[in-house]
Asks: 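Would you mind keeping the following structure in view while I ask a few things?
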Amino acid sequence: MIKKIAIIGLLTILVFHGSLLWAQPGDEKEKPQPLSRILFVFDASQSMLGRWQSDQKINIAKKFLASLIDSLDKVPNIELALRVYGHQKNFPPQDCKDTKLEVPFAANNAERIKHKLKLLTPRGTTPIAYALEQTEKDFTPCDNCRNIIILITDGLEECNGDPCAASQYLQKKGIALKPFIIGIGRNIKEGFDCVGNYFDASSEQMFHKALQVVISQALNTTTAQVNLLDKNGKPTETNVNMTFYDNVSGKMKYNFIHTLNNKGIPDTLILDPLPTYDIVIQTIPPVLVPNVKITAGTHNIIPAETPQGSLRLKVSSNEKTVKNLQGIIRKHGEMSTLNVQTFDETKKYLIGKYDLEVLCLPRLYVNDVDISQSHTTTVEIPMPGIAVILKSVNGYGSIYQEKDNRLIWIYEMKDNLLQESLILQPGKYRVVFRSKYSEKSSYTIEQGFKIDPGVTTNVKLYPN
């Protein structure tokens, strides 16, 4: 019985690990596409009773919007909602809070929205800014959603609100993308330029076309490629992460590790064309490509100058005396840390000059390290040695480098340890020590010693 259990357990382990070991590149899955949530903000104020070509504006808008919603009902990965303003209170008096979410977001709710449209009767005023502000409550929290507002109106703000400020707030908070506005019956573009993407519908045919164009732009993703250019302007750089941020909200939208296909051409990316992007190419140091606008329906080429070379840090021996020795990499003449690189490692950097601080004792500084295009620059340091400090009692002391008849402090010893091992660069040193139990400075012990490459030196601090 015990043998059977052991065999079953072994098989389980093998199956589990086998599923990891045998995973093929074709098993990789792309990230799920975001859910598109489209909120129609519909004008049902008194002015929508006005005549427009074949009928009243309200009836024409209802008809075309209902037809559009019908066509969207079976589109996958989409939810619709309807907010209306100017339909609950008669004017006068003016009610500047006359707006309501009539149909909240849900899948396959086209019939509910069409039914609500049929029942709408224009009555009140036009509180556009307030209606936009209220949409914040309509978009419930969602980790993978595109929130889109389509405002359909025949007039401008009538309640002294600021639709531009309301739109900016929604975008900066990442609540919704830049709204679409369809102006019915007359050109009111100047009043909405700062609010969002305006479409003029001066005729029924143009209104119908505007609805189609807006939905096409709202739902259709588009393609792009990022060309990471070397010093010669060729797109040869690759294998680095690219982070796409929404330019208005600052929220992170995508991360892609740049890839070249088997023909050496940058991989095609599928992007949402609605936001303006700030793209950070995560080289060392990073490169910012700001204010990138994507043109829907075309293949976009996004250039970024990222010429790179490599830096190798090396110790001049193959012995394993040094473990995890690191160096701080900085731009030449600057103090901010770009990277902490381990020795015996090769790392890419943008071409240019860098300063290196080796985290050894004493510190080594190598300035003006030149990184050039597609070339590996090697910085080699001497092989260090080891100093073993042996004390008979606990006490106070430091280790100094002897240089030009001067003592340069490099390390304060632990007062509660009787033995310490330090990796030191080759050279002359002096240790100065006094027992914590001594009552006179004259009992101070000092001893000079020398460190040779790859050699362990014992330094004994025993009183005479």
Side-chain angles (χ1 to χ4, degrees), residues 31 34 144-149 164-180 192-198 217-218 220-260 265-309 329-339 348-354 371 373:
K31 295 179 182 178
N144 192 27
C145 285
R146 300 170 67 243
N147 297 333
I148 299 160
I149 295 173
C164 298
S167 173
Q168 283 295 309
Y169 172 81
L170 294 172
Q171 293 177 66
K172 285 183 178 179
K173 293 279 286 184
I175 295 163
L177 298 169
K178 191 174 183 179
F180 293 97
F192 288 102
D193 263 349
C194 58
V195 179
N197 301 300
Y198 180 83
Q217 291 191 14
N220 293 341
T221 54
T222 194
T223 61
Q225 71 182 56
V226 180
N227 288 348
L228 300 184
L229 306 178
D230 61 22
K231 184 180 179 180
N232 302 313
K234 303 292 185 182
T236 61
E237 306 289 359
T238 190
N239 298 332
V240 61
N241 184 36
M242 305 174 292
T243 305
F244 289 66
Y245 296 94
D246 186 301
N247 171 266
V248 179
S249 69
K251 291 196 172 184
M252 185 167 50
K253 304 292 288 185
Y254 305 103
N255 277 290
F256 299 107
I257 293 182
H258 191 274
T259 306
L260 295 177
I265 298 172
D267 190 28
T268 296
L269 309 176
I270 306 298
L271 299 177
D272 183 346
L274 298 186
T276 296
Y277 296 102
D278 290 335
I279 305 174
V280 176
I281 313 300
Q282 303 287 5
T283 49
I284 303 176
V287 172
L288 171 65
V289 185
N291 301 313
V292 176
K293 293 180 171 62
I294 303 297
T295 303
T298 64
H299 183 64
N300 296 260
I301 306 294
I302 305 167
E305 294 184 5
T306 59
Q308 296 174 82
I329 313 298
R330 301 183 175 97
K331 285 285 285 184
H332 177 60
E334 299 180 9
M335 286 304 298
S336 58
T337 297
L338 291 177
N339 187 34
K348 278 192 168 185
Y349 297 86
L350 293 182
I351 62 173
K353 291 192 178 293
Y354 295 85
I371 305 295
Q373 178 68 58

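Both backbone and side-chain heavy atoms feed into the values below; hydrogens, waters and symmetry mates do not.
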Asks: Do Val289 and Met242 have side-chain heavy atoms sitting under 4.5 Å apart?
Replies: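 Side-chain contact under 4.5 Å: no.
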Asks: Taking only residues two or more places apart in sequence or in another chain, which ones pass side-chain contact (heavy atoms from CB on, under 4.5 Å) with Pro285?
Replies: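 If we apply the side-chain contact (heavy atoms from CB on, under 4.5 Å) test to Pro285, skipping adjacent residues, the hits are Lys331, Leu338, Leu350, Tyr354.
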Asks: Restricting to non-hydrogen atoms, name the atom on Ser167 and the atom on Pro179 that form the minimum distance, rounded to 0.1 Å.
Replies: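 In this case the closest contact between Ser167 and Pro179 is OG-CD, 3.3 Å.
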Asks: State which residues pass salt bridge (Lys or Arg N to Asp or Glu O under 4.0 Å) with Lys348; sequence neighbours excluded, sorted by chain then number.
Replies: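 Partners of Lys348 under the salt bridge (Lys or Arg N to Asp or Glu O under 4.0 Å) test: Glu237.
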Asks: Just list the side-chain donor-acceptor pairs under 3.5 Å for residues 250-258, sequence neighbours left out, or say none.
Replies:
residue, atom, partner, partner atom, Å
Lys251, NZ, Lys173, O, 3.2
Tyr254, OH, Asp272, N, 2.9
Asn255, OD1, Asn241, ND2, 3.0
Asn255, OD1, Thr243, OG1, 2.7
His258, ND1, Thr238, OG1, 2.9
His258, NE2, Val226, O, 2.7

Asks: Does Glu305 CD have over 12 foreign heavy atoms under 6.0 Å away?
Replies: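 Count not over threshold, so no.
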Asks: Can you tell me how far CD1 of Ile265 sits from CG of Asn227, rounded to the nearest 0.5 angstrom?
Replies: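 Those atoms lie 9.5 Å apart.
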Asks: Mind checking the CD1-OG1 spacing from Ile270 to Thr221? Nearest 0.5 Å is all I need.
Replies: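 Taking CD1 in Ile270 and OG1 in Thr221, the distance rounds to 5.5 Å.
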Asks: With sequence neighbours excluded, what pairs up with Asn197 under the side chain to side chain donor-acceptor pair (under 3.5 Å) test?
Replies: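 Counting only residues at least two positions away or on another chain, Asn197 forms no side chain to side chain donor-acceptor pair (under 3.5 Å).
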Asks: Can you tell me how far the CG atom of Asn339 sits from the CD1 atom of Ile284, to the nearest 0.5 Å?
Replies: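 The CG atom of Asn339 sits 4.0 Å away from the CD1 atom of Ile284.
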Asks: Is there a side-chain contact between Ile175 and Tyr169, using heavy atoms and a 4.5 Å cut-off?
Replies: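 Yes, side chains in contact.
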Asks: Nearest heavy-atom pair of His299 and Gln225: which atoms, and what distance?
Replies: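 For His299 versus Gln225, the nearest heavy atoms are NE2-OE1, 3.0 Å.
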Asks: For Asp267, give me all partners under salt bridge (Lys or Arg N to Asp or Glu O under 4.0 Å), at least two apart in sequence or on another chain.
Replies: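 If we apply the salt bridge (Lys or Arg N to Asp or Glu O under 4.0 Å) test to Asp267, skipping adjacent residues, there are no hits.
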Asks: I'd like to check the side-chain contact (heavy atoms from CB on, under 4.5 Å) partners of Gln168; sequence neighbours left out, ordered by chain and number.
Replies: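 Listed in chain order: Gln171, Lys172, Val248.
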Asks: Any side-chain heavy-atom pair from Ile279 and Ile302 closer than 4.5 angstrom?
Replies: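 With C-beta onward as the side chain, the pair touches.
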Asks: Please round to the nearest 0.5 Å and tell me the distance separating atom OG1 of Thr259 and atom CG of Asn239.
Replies: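 Reported to 0.5 Å precision, the distance equals 6.5 Å.
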Asks: NE2 of His332 to CD of Glu334: how many Å apart, nearest 0.5 Å?
Replies: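 If I round to the nearest 0.5 Å, the distance is 9.5 Å.
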Asks: For Asn144, which residues count as a side chain to side chain donor-acceptor pair (under 3.5 Å) partner, sequence neighbours excluded?
Replies: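 In terms of side chain to side chain donor-acceptor pair (under 3.5 Å), with neighbours along the sequence ignored, Asn144 is linked to no residue.
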Asks: Determine the minimum heavy-atom distance between Gly309 and Ile351, stating which atoms define it.
Replies: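 Closest heavy-atom pair between Gly309 and Ile351: N-CG2, 4.1 Å.
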Asks: Just to verify, what does Thr295 make a side-chain contact (heavy atoms from CB on, under 4.5 Å) with, not counting sequence neighbours?
Replies: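 Result, side-chain contact (heavy atoms from CB on, under 4.5 Å) vs Thr295: Thr298, Asn300.
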Asks: May I ask you to decide if Asn232's main-chain N or O and Asp230's side chain share a donor-acceptor pair within less than 3.5 Å?
Replies: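 A pair under 3.5 Å: yes.
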Asks: How many angstroms lie between CD1 in Ile281 and CG in Leu288, if you round to the nearest 0.5 Å?
Replies: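 Answer for the CD1-CG pair, Ile281 versus Leu288, is 9.0 Å.
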Asks: Please list, chain by chain and in numerical order, all residues satisfying side chain to side chain donor-acceptor pair (under 3.5 Å) with Tyr198, sequence neighbours excluded.
Replies: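 Listed in chain order: nothing, the list is empty.
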Asks: Sequence neighbours left out, what passes side-chain contact (heavy atoms from CB on, under 4.5 Å) with Ala218? Give chain and number order.
Replies: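 Checked Ala218 against side-chain contact (heavy atoms from CB on, under 4.5 Å); matches are Ile148, Phe180.
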Asks: Identify, with sequence neighbours excluded, every residue that meets side chain to side chain donor-acceptor pair (under 3.5 Å) alongside Ser249.
Replies: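 For Ser249, no residue satisfies side chain to side chain donor-acceptor pair (under 3.5 Å) once neighbours in sequence are set aside.
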Asks: Taking all heavy atoms of Thr222 and all of Pro273, pick out the closest pair and write down the distance.
Replies: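 What the structure gives for the nearest pair is CG2-CB, 3.8 Å.
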Asks: Among all residues two or more places apart in sequence or in another chain, which pass the salt bridge (Lys or Arg N to Asp or Glu O under 4.0 Å) test with Asp278?
Replies: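 Not a single residue meets the salt bridge (Lys or Arg N to Asp or Glu O under 4.0 Å) criterion with Asp278.
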Asks: Check the pair Asp246, Leu177 against side-chain contact (heavy atoms from CB on, under 4.5 Å), reporting the backbone distance first and the verdict last.
Replies: CA-CA 9 Å; Asp246 186 301; Leu177 298 169; 4.2 Å; yes
